[in-house]
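These notes are about the structure you will find just below.
Chain naming here is simple, since letters A, B, ... match the order of the sequence lines and numbering starts at 1 in each.
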Amino acid sequence: MATKEKVKTDDEELSVQAPDLSYDLLEEEDSEEFESVEAPALADEDEDRSFLPVTKKKGRESSSSPRIAQRRKKLDKGGGGGAGLEGGGSDVSLHEDIAHLTTDEDHFRNEDGLRSDMLISLGGPNQSIGASLLSTMTVGEKPKLPDADPETAELARRARMNSTSKDEREFEDEDVHSSSWINHHKHIFIVSTSGKPIYSRYGKEEQLVSLFGIMQALVSFVADDKDVLRCISAQNLKIVFLQKPLVVFVAVSRSKLSENQLKLQLSYAYYQIISVLTYTQIKQIFERSPGFDLRYLLQGSEKFIDNILNITDSDPCYLLNGIRCLSMSPSLRQTITSTILQYRAKEVLFALLIAEDRLITFIKPKDHNLHPIDIHLIFNLVMASTSFKSAESWTPICLPKFNDSGFLHAYVSYLPENSPACLLLFSTDKEKFFELQQCKERIVDKLSKLGLLEQISNSVDTSDYNIDHLQAPEIRHFLYRSRKSYSITSPTMPHLYSSEEDRLRLFDYFMTMNQRLHSHAWATKILYHIGSKEALLGWRTSNFDLYVVFDPLISKAQAILLGNKLIRWINKEEDRLIITSTPTF
Amino acid sequence: MAGKVDLKVVLLGKEYGGKTSLVERYIHGKFNAQAPYQSTIGAAFGAKKVTVNGESVTLGIWDTAGSERYESMSRIYYRGAKSAIVCFDLTDPSSFERAKFWVNELKQTEEDCVIYLCGTKYDLVEDNKKARKVDASSAKEYADEISAKYVETSAKTGYNIDYLFMMIAEDFVNVTRNKVQANKDEDSSVALRLEQPPMNREKCKC
Ligand SMILES: Nc1nc2c(ncn2[C@@H]2O[C@H](COP(=O)(O)OP(=O)(O)OP(=O)(O)O)[C@@H](O)[C@H]2O)c(=O)[nH]1
Ligand SMILES: [Mg+2]
């Protein structure tokens, strides 16, 4: 869908002769932690605009320097404990003071109340930073917050106070001192580089001011030494920092996601904000008044950030960089697409037909692309608000991967007859509402004449599929991603995985396999993992990524056999399962 | 719904002020108190045909989002509007301040736009004087000051909703008719002037 990719024809048949494959077959124990390695396929690359000095990531090399020892010594002196730095070897438990200071209010205490095994990874080669970072932290002062721009602060305060009610946010009123708050699986915080709270996934930002201040202090402290703070690990807790110009995104996670995957998730939050405000606007605002309270402008948009974080936490497509497609008859999809193409008004830049978070079809100009992230933001816009259901809308939206400096204007309208399908037409011209409205009328008229409106609704209702006919009950589930079109398909989740816990375990498995298959360091093409509850096969070729979940008692040879069978079936059904080509004009 | 719009009407006002509910009630005749509040994204468009003195008028109604972040883009929606319903929530004094902001904005950029000041959620203050945070007399006073009409409405009960839009349509028809009439008169006077000396102009006074 987005970038062009050379399609090489690989040998897309798994060999049954296991010995041939043994060199890239990795077997793992269930308990084994997957290690975090270098960037996945879609690591965020836009660091060029960072106002902070960007140093190339050298995690491992940098920490193998002889100065580590020196740093450890300093640490020992400073607090009696010490920090094991990434790749540095021995784990020395961290001193209590440091733990306290990291969070000031013990927000991130582990279950046992102790913080040990803390790892701090920095982006750059700076050596003395760890020590000085930790020694400042032991000072025990609350970091001083920069003075707020009184005018904007007042505006925002009033806006907030006067809000009789806002869109309801589930966790907005949660007590930040409660154990339920502390124990959230994944906290996300957004703070401006001057320390102004922008967003907290749980709880009111006002109550977390000192915590936000500490985050900002940590980041700027490291930046002072021309280095970049990337990640702090403490036992089962990862604190990942994503630094964008003027805004810092922080994830505090107990999940198995790797640093890079957490960064990608944070990037989604970043792009969501850009989508609402544009990069240019944020830049202008903060350059004019660094103390600006961005919440003033994000009011009403928090639900989009909440929603994108919730989806990226549970739907693997988002972090796997692919678009879930609605499975439907190829001829129906074809007719819809050509109808949209035929009646496209010249003002239309992109047109998408979606059903919730599944893409039915889309068209685009030859010389422009729609990045999966932009499509995901469009899904998020439509899903997080029911207000599109009641009327046609005309709304500015920035698609950051397409152009983060300006808005496109989207005509959003569900198809008639209570259709679950939503049509979006994008234009660069804010004055073209009526042109796009007419364009939609023409498309709808045609579809209705062809009797397709009902067929589209039916397809949405029946798009879920299973693979019973393959007569391979050992295959429980799979996820297939075409590397050509960035399309994803997977069957309905079986009953075995109806519990949240089971689904999240699969989610974690997919993420770890993806990490492995796409890491530069490992360059693994095939991955086989036997867990206590299921066996998993991960398979990457130049054409696709495939993740298959098997019954745990299956043999490796059998899994390979079934993997081949599955891929043959997918290839045969590809036109129905996914969008194989993008029509352009 | 596509088709010619005779009269562009825009709704402006603070978020949560009741604009979407007002339009929903008017166009679809419904109000759902149970549905959770959904802030409008950008703006929603709706059309409705009404008949004024046997003349059919299509209203194109723009229900804008009250969120501040759209403020800089709001011109897209109110540009060229012939009528504006500036809404405030009778139970929320800050929304009245916000309404004043919109009035000023309109006065500066859309001189020809006729403004209707609308206090919403009347049902909440009807029996409960304490809930009312903006009293009718000061709202009316302000409306007079800006030569706008003042209405209090309830999307919940439907109170004054049809009345409001009907008034807008009538005012429009009357104004346009007057204008057309005025134009005709002007034309004829010009014509007269061409043919005759300008002394014979009593006609205009009738
Ligand atoms: N009791 C009562 N509640 C109302 C009335 N009108 C609106 N509400 C409620 O007020 C809340 C906000 O109404 P909306 O119509 O969505 O407000 P809005 O002005 O469109 O808000 P934005 O789209 O954010 O600008 C909703 O919860 C409505 O149910 C009314 O006449 N009576
Ligand atoms: Mg609204």
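Enclosure of atom NZ in B:K48 by more than 12 non-hydrogen atoms of other residues, nucleotides or ligands within 6.0 angstrom is indicated. The environment of A:N418 atom CG is sparse: at most 12 non-hydrogen atoms of other residues, nucleotides or ligands sit within 6.0 angstrom. For A:Q342, the CD atom sits in a packed shell: over 12 heavy atoms of surrounding residues, nucleotides or ligands are nearer than 6.0 Å. Counting non-hydrogen atoms of neighbouring residues, nucleotides and ligands closer than 6.0 angstrom, the NZ atom of B:K49 reaches no more than 12 such neighbours. The number of heavy atoms from other shown groups lying within 6.0 Å of CZ (A:R442) is above 12. In the displayed structure, A:E356 atom CD is contacted under 6.0 Å by at most 12 heavy atoms of other residues, nucleotides or ligands. Few gaps surround CZ on B:F101; more than 12 heavy atoms of other groups in view lie less than 6.0 Å from it. More than 12 heavy atoms of other shown residues, nucleotides or ligands fall within 6.0 angstrom of atom CD in A:E431.
A pairwise comparison of heavy atoms in A:S390 and B:H28 identifies O-NE2, 4.0 Å as the closest pair. Shortest non-hydrogen contact noted between A:K303 and B:S39 is NZ-OG, 3.5 Å. Here the closest non-hydrogen pair linking B:M73 and A:P396 is SD-CG, 3.3 Å. Listed here is the closest heavy atom pair of A:S385 and B:I41: OG-CG1, 3.8 Å.
The distance from the OG atom of B:S67 to the OH atom of A:Y296 is 11.0 Å, given to the nearest 0.5 Å.
Side-chain contact check for B:I76 versus A:H409: some heavy-atom pair is nearer than 4.5 Å. Residues A:Q299 and B:R69 have side chains not in contact (no heavy-atom distance under 4.5 Å, counting atoms from C-beta outward).
Neither the backbone nor the side chain of A:I397 comes within contact range of chain B, judged by heavy atoms closer than 4.5 Å. Proximity to chain A is absent for every atom of B:R98, based on heavy atoms less than 4.5 angstrom apart. For a residue to count as touching a neighbouring chain, one of its non-hydrogen atoms must lie under 4.5 Å from one of that chain's; by this rule A:L298 does not touch chain B. At a 4.5 Å heavy-atom cutoff, the contact between A:V276 and chain B is made by backbone and side-chain atoms alike.
Between B:F45 and A:Y411, the distance from one ring center to the other does not fall under 6.0 angstrom.
Panel note: side chain B:Y77, backbone A:W394; a donor-acceptor pair is recorded below 3.5 Å.
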